[in-house]
Amino acid sequence: MAPRIAVVPAPHGPGGRLQPLGEDGVPLGPPEQVADLAAAMAQREAAGRPRWVWAAADSAYAPLLPLRVARCHDLRLVEALLLGHEGAWGEPRSLGAAWARLRGLPVPADLPETGGAGGEEQDSLFAPDRLQLPPGTDQLTAVVAVHAEQLRRIALVEQPGLFRLLVAAESAGALLATEITYDGLPWRTDRHDRLLTDLLGPRPHIPGTQPKLLAELSVELQQALGSRPFNPDSHAQVLKAFADQGIRLSSTRVWELREIDHPAARLMIRYKELSRIHAAHGWAWQDAWARGGRFRPEYVVGGVVSGRWASRGGGALQIPRILRGAVVADPGWALVVADAAQLEPRVLAALSGDAGLARSAAEGDLYDALAASAFQGDRDKAKLGLLGAMYGQTSGDIGPLLATLRRKYPTAMGYVEAAARTGEEGGIVRSRLGRTCPPPSADWLDLTEAPETAGEAGGRSARARGRFTRNFVIQASGADWALALLASLRRRLTALSTGPDRPHLVFFQHDEVMVHTPVNLADQVVEAVAEAGEEARRLVFGDTPVRFPLSTAVVDCYADAK
DNA sequence: CGGGTTCGCGCC
DNA sequence: AAAGGGCGCGAACCCG
């Protein structure tokens, strides 16, 4: 049984080609043509769980679902990780681009990503020409060659062992993202409707017209300001309407409105809350994204430079709390919702090796422990100070808090400050597993000049880049941990059951996961989550006293999880 | 008219 | 001086 198998789907129809590879990427035999690719892969999967090597999950895996495979090597994602590590950020990462670099051919630019709005025109997404291979190039040949080259390059990075883990975890993320979109998040449109109706009034019969309560609020607002009708969605008109009452606003932000003691300010805030729900997650959203009892957004693995996932369409990573009542398990099923408690400060403790901070992160609530040992028990101060340190905050009253942290946790504070300094000086930083931040770009102006001569703008942009690299090491290492958690949890869920009623992940948001599971397996899923968290800690951070506890709830409805 | 930008909010 | 990092998205607005 080959440990790795290169796979290329046929451009049309269910067939494809396979070629067995050794651990070094060298072919163990000739290519094989199969008439039913999904069946052939399922058979080999059962025989020994190979690592499938393909150009990209959306072209090679998505069309084969509901097939499930355990492992893959996603050439496009790995190419991006390698290019970043090699200082070639922004170079095209398609199979065709990697092939062209390998062969000294002109490198094709990456095609713009196209959103999968609702699912039409998906065929063009899977077409081989999206891989950007030169005409006449054999795709399997390119897959095999680019893979072997990637294995060679991986061996050359600073810490190949950790980077291999990153490669495996990122690739597992690609499997999972494809599967989550396929399975969908359970979404009860009847509950969604009720929530909307309670807030906004009944669904308007004519699409595009304002719901009743929103329209009434708009009129009340105009009356409170004694003004002519104006559009509350227009910043300029709102500012003018308030100005006519002698209320000068520099913006229409909620925090600024909150400081105004006037009935119109309260109405304006309420209008903003409701109109946002209507615009972002109202009936139009439901029609586009949550049909058939499932919400199926498209996730973009590695879509954030820090390694966090991004999403395309439907605002998958911004489901407002108020709508979580619409996420309900199917009858006989449950939702297991788990989120990592205080992930980023724990990451800082583990990364920096600060003994004092690690003690606070060894068990229980990190901020409580921090408060007890450095802030006279004031948890708010402890939290504010530590978050400020990780984000590079300088404003407000947190100066004294930072000073306290610097005194009590010099190693941890030194770690983030060194990362900030590196960024300010134009350098690059990496996550624990080796994900690399982008180099300074035009966004940060010219950082090659000495700070004294770069002028005010140069100094400001250098500090902005410092805040970015300061936060990058933590956010990206947190993403490392979360990806390892996902990969481990996915494997453990597969071990619980592979039948049609298997537990499956339905949501992932930075430090939170949700599993939809038959009720009778819920306890085992809870256990699997805890084990996955511990495995991720061990793999990513090794020997550290820091713990990464997950708070887990078994619920019928997402709204009941916290 | 379509495309790009700004604002301001949702999530972590 | 309401100068903390990362995102996606919709409406208004601006421009050609």
* Structure fact -> Terminal axes of the helix from B:dC1-C:dG16 to B:dC12-C:dG5 (5 end pairs apiece), angle rounded to 10 degrees, sit apart by 10°
* Contact interval (first through last nucleotide) of DNA chain B with protein chain A, 4.0 Å heavy-atom ->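 Footprint of chain A along DNA chain B, 5' to 3': B:dC7 to B:dC12.
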* Structure fact -> Readout for nucleotides 11-16 of chain C: B = base within 4.0 Å of protein heavy atom, S = sugar-phosphate only, - = neither; 5' to 3' it is SSS---
In chain order, what residues pass the side-chain contact (heavy atoms from CB on, under 4.5 Å) check against [X], with sequence neighbours excluded?
X	value
A:Ser352	A:Leu348, A:Asp354, A:Ala412, A:Tyr415
A:Val78	A:His73, A:Leu82, A:Gln150, A:Ile154, A:Val167, A:Ser171
A:Ser234	A:Asn231, A:Ala236, A:Gln237
A:Ser275	A:Leu214, A:Asp233, A:Tyr271

Could you state the [atom1]-[atom2] distance from [X] to [N], rounded to the nearest angstrom?
X	N	atom1	atom2	value
A:His510	C:dG6	NE2	C1'	8 Å
A:Asp397	C:dG4	CG	P	12 Å
A:Tyr299	C:dG8	OH	P	14 Å
A:Arg465	C:dG4	CZ	C1'	17 Å
A:Leu317	C:dG6	CG	C1'	11 Å
A:Phe468	C:dG6	CZ	C1'	9 Å
A:Trp289	C:dC9	CH2	C1'	11 Å
A:Gln393	C:dG5	CD	P	10 Å

* When A:Met268 is tested against each of A:Leu221, A:Leu249, A:Thr252 for side chain to side chain contact (heavy atoms under 4.5 Å, CB included), which residue passes? ->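 The passing option is A:Leu221.
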* To do: Would you check, one step at a time, whether the test side chain to side chain contact (heavy atoms under 4.5 Å, CB included) holds for A:Val304 with A:Gln475?
  => CA-CA 10 Å; A:Val304 181; A:Gln475 188 183 118; 4.1 Å; yes
Return a table of donor-acceptor pairs under 3.5 angstrom between the side chains of residues 397-408 of chain A and protein atoms on other chains or two or more places apart.
| residue | atom | partner | partner atom | Å |
| --- | --- | --- | --- | --- |
| A:Thr404 | OG1 | A:Pro400 | O | 3.0 |
| A:Arg406 | NE | A:Glu417 | OE2 | 3.0 |
| A:Lys408 | NZ | A:Ser373 | O | 2.8 |

* Distance check: side-chain N/O of A:Thr394 vs OP1/OP2 of C:dG4, anything under 4.0 Å? ->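 Answer yes for this pair, as a side-chain N or O of A:Thr394 is under 4.0 Å from OP1 or OP2.
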* How far, in whole Å, is B:dC7 from C:dA2 if one measures between their C1' atoms? ->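 The answer is 16 Å between these two C1' atoms.
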* C:dA1 and B:dC9: how far apart are their C1' atoms, nearest whole angstrom? -> 22 Å
* How close do A:Ala224 and A:His262 get, heavy atom to heavy atom, and via which atoms? -> O-CE1, 3.4 Å
* Would a distance-only check, ignoring hydrogens and angles, find a side-chain to backbone donor-acceptor pair under 3.5 Å from A:Gln222 to A:Arg228? -> no
* **By ring pair (Phe, Tyr, Trp, His ring centres under 6.0 Å) - contacts of A:Phe541 (at least two apart)** =>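 Residues passing ring pair (Phe, Tyr, Trp, His ring centres under 6.0 Å) with A:Phe541: A:Phe548.
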* To do: Name all residues meeting the ring pair (Phe, Tyr, Trp, His ring centres under 6.0 Å) criterion together with A:Phe242; count only those two or more places apart in sequence or in a different chain, and write none if there are none.
  =>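 Testing A:Phe242 for ring pair (Phe, Tyr, Trp, His ring centres under 6.0 Å), a comparison that skips the adjacent residues, returns none.
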Is [X] touching bases, backbone alone, or none of the nucleic acid, heavy atoms closer than 4.0 Å?
X	answer
A:Arg470	nothing
A:Gly315	sugar-phosphate
A:Gly314	sugar-phosphate
A:Ile319	sugar-phosphate
A:Arg467	sugar-phosphate
A:Ser311	sugar-phosphate
A:Gln509	sugar-phosphate

What I want to check is whether the side chains of [X] and [Y] have a donor and an acceptor closer together than 3.5 Å.
X	Y	answer
A:Asp58	A:Thr178	no
A:Ser250	A:Glu256	yes
A:Trp481	A:Asp511	no

* Asked: Looking at DNA chain C, which of residues 248-259 of chain A put a heavy atom within less than 4.0 Å of it?
  ->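 Nucleic-acid contacts, sorted: A:Trp255, A:Glu259.
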Donor-acceptor contacts under 3.5 Å from residues 383-394 of chain A side chains, at least two apart:
none

* Asked: Has the side chain of A:Gln318 got a donor or acceptor atom sitting under 3.5 Å from an opposite partner on the base of C:dG8?
  ->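 Side chain to base: pair present.
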